[in-house]
Visitor: 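Can you read through this structure? Questions will come right after.
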Amino acid sequence: MASAQLHIKKDLRGPILDLGGGGEGVIGRIYGRQAVAIDNRQDELDEAPDGPQKFLMDAAELTFADCSFQHVTAFFTLMYMSRAVQALAITQAARVLSPGGSLQIWDAQIASAYPEPFLIDVDVDAAGTAVHPTYGILKEDAAQDSQCMLQLCQTAGLELVAREDHDGWFYLRFLKK
């Protein structure tokens, strides 16, 4: 099982759209009402802590207006999408970002998730709150890494400003010009 230790500071200003923000709701825990959490599963939204606004919505089909958010976050959520859906979600994220806004991605480096599932145990200091989720998938076409996400984001017109590659996970930050 892969593992990750992350410390996420509360340093974003302006409205935040959190893709896949149900479940543990790490970004929503940090930013509360400043964040809008979307998830395509109602049970995940119901499980998420109170604080952010919550909407049942597919990241590949965002209904928000262009340039609605200063930031978009994706915390261990792209791993659950096919490559085609990842591309649509990133394109939609770029569309709803304001000029100068950022897209931040924390996700897993996955070599294989079949026939054995891929699991990653994540230990998060979420601006002083400890959260310990385990994320996992079992699917044949699950392979992903920071390079494939970099290509999808650059194709969507976003500029890379920060990159961290770790054993089992990565962090990417992009700006919209």
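Keep in mind that the numbers below use all heavy atoms, side chains included, and drop hydrogens, waters and symmetry copies. Every value quoted in this text rests on a predicted model; they were computed, and no experiment measured them.
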Visitor: Roughly how far, to the nearest 0.5 Å, is OG of S102 from CG of L158?
Guide: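 Output value for this atom pair is 10.0 Å.
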Visitor: Do F55 and I27 land in one hydrophobic cluster if side-chain heavy atoms of ILVMFWY residues count as linked below 4.5 Å?
Guide: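 Shared cluster, no.
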Visitor: Is there a donor-acceptor contact under 3.5 Å from the side chain of T77 to the main chain of A74?
Guide: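 Not at all, since once roles are kept as given, no pair shorter than 3.5 Å links the two residues.
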Visitor: Which atoms form the tightest heavy-atom contact between A108 and F118, and what is the distance?
Guide: CB-CE2, 3.5 Å
Visitor: With a 4.5 Å heavy-atom cut-off, do F174 and M149 have their side chains touching?
Guide: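 Not in contact.
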Visitor: Which of parallel (below 30°), tilted (30 to 60°) and perpendicular (above 60°) describes W106 and Y171?
Guide: tilted
Visitor: Could you give the distance from CZ (R33) to CG (D50), rounded to the nearest 0.5 Å?
Guide: 9.5 Å
Visitor: Can you sort out the partners of S112 under side-chain hydrogen bond (donor to acceptor under 3.5 Å, both in side chains), two or more places apart, ordered by chain and number?
Guide: none
Visitor: Is there side-chain contact between Y135 and E24, with at least one heavy-atom pair below 4.5 Å?
Guide: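 In short, these two side chains touch, coming nearer than 4.5 Å.
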Visitor: Just how far is it from atom OG1 of T63 to atom CD1 of I38, taken to the nearest 0.5 Å?
Guide: 8.5 Å
Visitor: Is there side-chain contact between L78 and L152, with heavy atoms separated by less than 4.5 Å?
Guide: no
Visitor: Can T73 and D18 be said to form a side-chain hydrogen bond (donor to acceptor under 3.5 Å, both in side chains), step by step?
Guide: CA-CA 5 Å; T73 57; D18 185 28; 2.8 Å; yes
Visitor: Indicate the atoms forming the closest heavy-atom contact of A156 with A94, along with that distance.
Guide: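 Closest heavy-atom pair between A156 and A94: O-CB, 3.8 Å.
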Visitor: Which heavy atom of A48 sits nearest a heavy atom of G21, and at what distance?
Guide: CB-O, 3.9 Å
Visitor: Do Q109 and Q144 have side-chain heavy atoms sitting under 4.5 Å apart?
Guide: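 Q109 vs Q144: side chains apart.
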Visitor: Can a salt bridge be assigned to the pair R41 and D43 using a cut-off of 4.0 Å between side-chain N and carboxylate O?
Guide: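 Judged by the 4.0 Å cut-off on N to carboxylate O distance, R41 and D43 do form a salt bridge.
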Visitor: Can you name the one residue among T134, V124, V26, I120 that meets side-chain contact (heavy atoms from CB on, under 4.5 Å) with F76?
Guide: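 The single option meeting the side-chain contact (heavy atoms from CB on, under 4.5 Å) with F76 is I120.
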Visitor: Counting only heavy atoms from other residues, nucleotides and ligands, does the tally under 6.0 Å from CD of Q147 exceed 12?
Guide: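 Check passes, neighbour count above 12.
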Visitor: In this structure, would L97 and L172 fall into the same cluster of hydrophobic residues linked by side-chain contacts under 4.5 Å?
Guide: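 Yes, L97 connects to L172 through the hydrophobic network.
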Visitor: Would a hydrophobic clustering, with Ile, Leu, Val, Met, Phe, Trp and Tyr connected at side-chain separations under 4.5 Å, put I137 with V122?
Guide: yes
Visitor: Do you know the tightest heavy-atom contact between P49 and G23?
Guide: CD-O, 3.8 Å
Visitor: I'd like to know if the side chain of Q34 reaches the main chain of G14, judged simply by a donor and an acceptor atom lying under 3.5 Å from each other, with no hydrogens or angles considered.
Guide: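 Confirmed, Q34 side chain pairs with G14 backbone.
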Visitor: Just to verify, what does A60 make a side chain to side chain contact (heavy atoms under 4.5 Å, CB included) with, not counting sequence neighbours?
Guide: D58, V85, L88
Visitor: Within the 4.5 Å heavy-atom criterion, are C153 and L160 side-chain neighbours or not?
Guide: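 No, side chains not in contact.
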Visitor: Is there a side-chain contact between F170 and D107, using heavy atoms and a 4.5 Å cut-off?
Guide: yes
Visitor: With the 4.5 Å side-chain cut-off for hydrophobic clustering, are V131 and L19 part of the same group?
Guide: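 No.
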Visitor: In Å and rounded to the nearest 0.5 Å, what is the CG to CD distance from D39 to E47?
Guide: 9.5 Å
Visitor: Does the Q70 side chain pair with the main chain of P15, one donor and one acceptor, at a distance under 3.5 Å?
Guide: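 Not confirmed, Q70 side chain does not pair with P15 backbone.
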Visitor: Using a 3.5 Å distance criterion without hydrogens, assess whether the side chain of R83 forms a donor-acceptor pair with backbone atoms of A143.
Guide: yes
Visitor: Please round to the nearest 0.5 Å and tell me the distance separating atom SG of C67 and atom NZ of K176.
Guide: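 Going from SG on C67 over to NZ on K176, the span is 4.0 Å.
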Visitor: Any side-chain heavy atom of W169 within less than 4.5 Å of one from E164?
Guide: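 SC-SC contact between W169 and E164 confirmed.
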Visitor: Could you list the residues that satisfy salt bridge (charged side-chain N to carboxylate O under 4.0 Å, His left out) with D66, not counting sequence neighbours?
Guide: R95
Visitor: Closest approach of K139 and M81, non-hydrogen atoms and distance?
Guide: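 Smallest heavy-atom distance, with atoms named: NZ-O, 3.2 Å.
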Visitor: Mind checking whether Y31 and K10 have side chains closer than 4.5 Å, heavy atoms only?
Guide: yes
Visitor: Which atoms form the tightest heavy-atom contact between A127 and I30, and what is the distance?
Guide: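 The pair with the smallest heavy-atom distance is CB-CG2, 3.9 Å.
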Visitor: Group every Ile, Leu, Val, Met, Phe, Trp and Tyr by side-chain heavy-atom contacts under 4.5 Å, then state whether I16 and M57 land in the same group.
Guide: no
Visitor: Any chance you could measure L56, atom CG, to Q42, atom CD, to the nearest 0.5 Å?
Guide: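 The CD atom of Q42 is 5.5 Å from CG of L56, to the nearest 0.5 Å.
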